[in-house]
Amino acid sequence: MKIAFLGTPEFALPSLNMLYESGHALAVFTQPDRPVGRHAALTPPPTKAYALERGIPVYQFEKIRLPEGVAALRAFAPDLMVTAAFGQILSAENLSIPKYGCINVHGSLLPKYRGAAPIQWAIINGETETGITTMMTDVGMDTGDILLLDKTAILPDETAGELFERLSVLGAETLRRTIIALESGDLPRTPQDEAQATKCPMLKKEHGKLDFSESIRQVHNRVRGTNPWPGAYGMLGEDVLKIHKTRLTDRQPAHEPAGLLIGNAKSGLFVRCADGWLEILELQATGGKRLSARDYLAGKDLEGKILI
RNA sequence: CGCGGGGUAGAGCAGUUGGUAGCUCGUCGGGCUCAUAACCCGGAGGUCGUUGGUUCAAGUCCAUCCCCCGCAA
């Protein structure tokens, strides 16, 4: 089949790779190169880099729903469009171009967690199960008919980054089966149950701010759900203290205030939350690099300080 | 040239107004202990990122280059 692949970050790569190796005629549509890093070097999205290495044509538009993008899509004349973490809203006109419509690979069990950051929010909210849903893209935000759905457990200490990686692989597999079913004319379409639908917002930096009046489990979930981006943090006076990795403990609380830090280079570092002590395993101070709590405490003392 | 912080023993940090380096952890040896990520004693380990300069003398001042990190995007 002739497939227009619309996707941008790493999450889309396994799906793109699967389509490529399945022998489909591809064109990649993705976001423009963006300035990245300290020196704002213009960097191509991962899907573009992948495509260029294999001679797959690449098109980049700020907004594919504008005339230029529509014209480029029409010129390619795909049988099918596939989106995976594309990062742009498609117009009805875009969607009308391929005869089989557009299939989206989404990182949640729809209709739960519609929106931009389903994987992170599932972890932050303490879900124990998530998955991949392939669906027919329509003009709404992840509202189209469900095609196939694969579930997977969220591991107790799994980070968003780790789950991202697993789901991106699972996504490729779900997509593969979806397309096979489509080609054989045996693809079920199930409308989403609006009553069950939930939306999650795009993740912002502030979503990484920890609240130590929450339970150790809630704080832990936020730490892993915002790892590696945007990263969890607390304030130590004026300074930001990033918390990269934590561990639940059964250390007994007494009457300590929330956010109290105790520990040393030998015992490890613990922060008081609502119902107990959360061990901080990896952290990063302003201007510093990412360190294990023990290495950090070998040079600086945090005993008795309050993290807010 | 977007703003800013930093490169000192294996790791993390101190090093005042310039006079050949300290702390914590780790490590090695010994001791104590039912035991330990505990405790005690002792030891090893550093051309102080690069190159050049100022000086009687530079980790400590000046210049240059390399690398790392935070913010902002």
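Note: hydrogens, waters and symmetry copies are ignored here, and every other heavy atom, side chains too, is used. Here is the naming used below: chain letters follow the sequence lines, and residue numbers restart at 1 for every chain.
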Quantified in whole Å, what is the [atom1] atom distance between nucleotide [N] and nucleotide [M]?
N	M	atom1	result
rU24(B)	rG19(B)	P	23 Å
rU17(B)	rG29(B)	P	42 Å
rU64(B)	rC3(B)	P	15 Å
rA58(B)	rC1(B)	C1'	31 Å
rG22(B)	rC66(B)	C1'	28 Å
rG70(B)	rU54(B)	P	38 Å
rG46(B)	rG52(B)	C1'	23 Å
rG49(B)	rG15(B)	P	15 Å

Handout entry: Residue whose nearest RNA chain B nucleotide is more 5′ - Lys266(A) or Arg290(A)
Key =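 Upstream on the strand: Lys266(A).
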N/O donor to acceptor pairs below 3.5 angstrom from side-chain atoms of residues 198-210 of chain A, sequence neighbours left out:
unit_1	atom_1	unit_2	atom_2	d
Thr198(A)	OG1	Tyr113(A)	N	2.8
His207(A)	ND1	Lys204(A)	N	2.8
Lys209(A)	NZ	Ile308(A)	O	3.1

Handout entry: Contacts of type side chain to side chain contact (heavy atoms under 4.5 Å, CB included), residue Pro253(A), not counting sequence neighbours
Key =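 Applying side chain to side chain contact (heavy atoms under 4.5 Å, CB included) to Pro253(A) gives Glu256(A), Arg272(A), Trp277(A).
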Closer than 4.0 angstrom, basic N to acidic O: yes or no for [X] and [Y]?
X	Y	value
Arg34(A)	Glu62(A)	yes
Asp145(A)	Arg189(A)	yes
Arg290(A)	Glu282(A)	yes

Exercise for the section: Select base, sugar-phosphate, or nothing to describe what Thr286(A) touches, counting heavy atoms under 4.0 Å on all strands. Expected result: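 It contacts sugar-phosphate atoms only.
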Handout entry: Atom pair OG1/CG of Thr130(A) and Asn125(A) - distance to nearest 0.5 Å
Key =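 Thr130(A) OG1 to Asn125(A) CG: 11.0 Å, rounded to 0.5 Å.
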Under 3.5 Å, side-chain donor or acceptor atoms of residues 11-29 of chain A against the rest of the protein: list the pairs with distances, not counting sequence neighbours.
unit_1	atom_1	unit_2	atom_2	d
Asn17(A)	ND2	Tyr50(A)	OH	2.5
Ser22(A)	OG	Met18(A)	O	2.7
His24(A)	ND1	Met1(A)	N	3.2

Problem - Any Val271(A) side-chain heavy atom under 4.5 Å of Phe212(A) side chain - result: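 Yes, close enough: below the 4.5 Å cut-off.
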Handout entry: Segment of RNA chain B, first to last nucleotide, that comes within the 4.0 Å heavy-atom reach of chain A
Key =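 The footprint of chain A covers rG2(B) to rA73(B).
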Under 6.0 Å from the [atom1] atom of [X], do we count more than 12 heavy atoms belonging to anything else shown?
X	atom1	answer
Lys2(A)	NZ	yes
Glu68(A)	CD	no
Phe61(A)	CZ	yes

Handout entry: For RNA chain B, stems built from three or more consecutive Watson-Crick or G-U wobble pairs below 3.5 Å
Key =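 Stem segments, range with range: B:2-7 with B:66-71, B:10-13 with B:22-25, B:27-31 with B:39-43, B:51-53 with B:61-63.
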Problem - Nucleic acid contacts - residues 297-308 of chain A versus RNA chain B, non-hydrogen atoms under 4.0 Å - result: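 Contacts with RNA chain B under 4.0 Å: Ala298(A), Gly299(A), Lys300(A).
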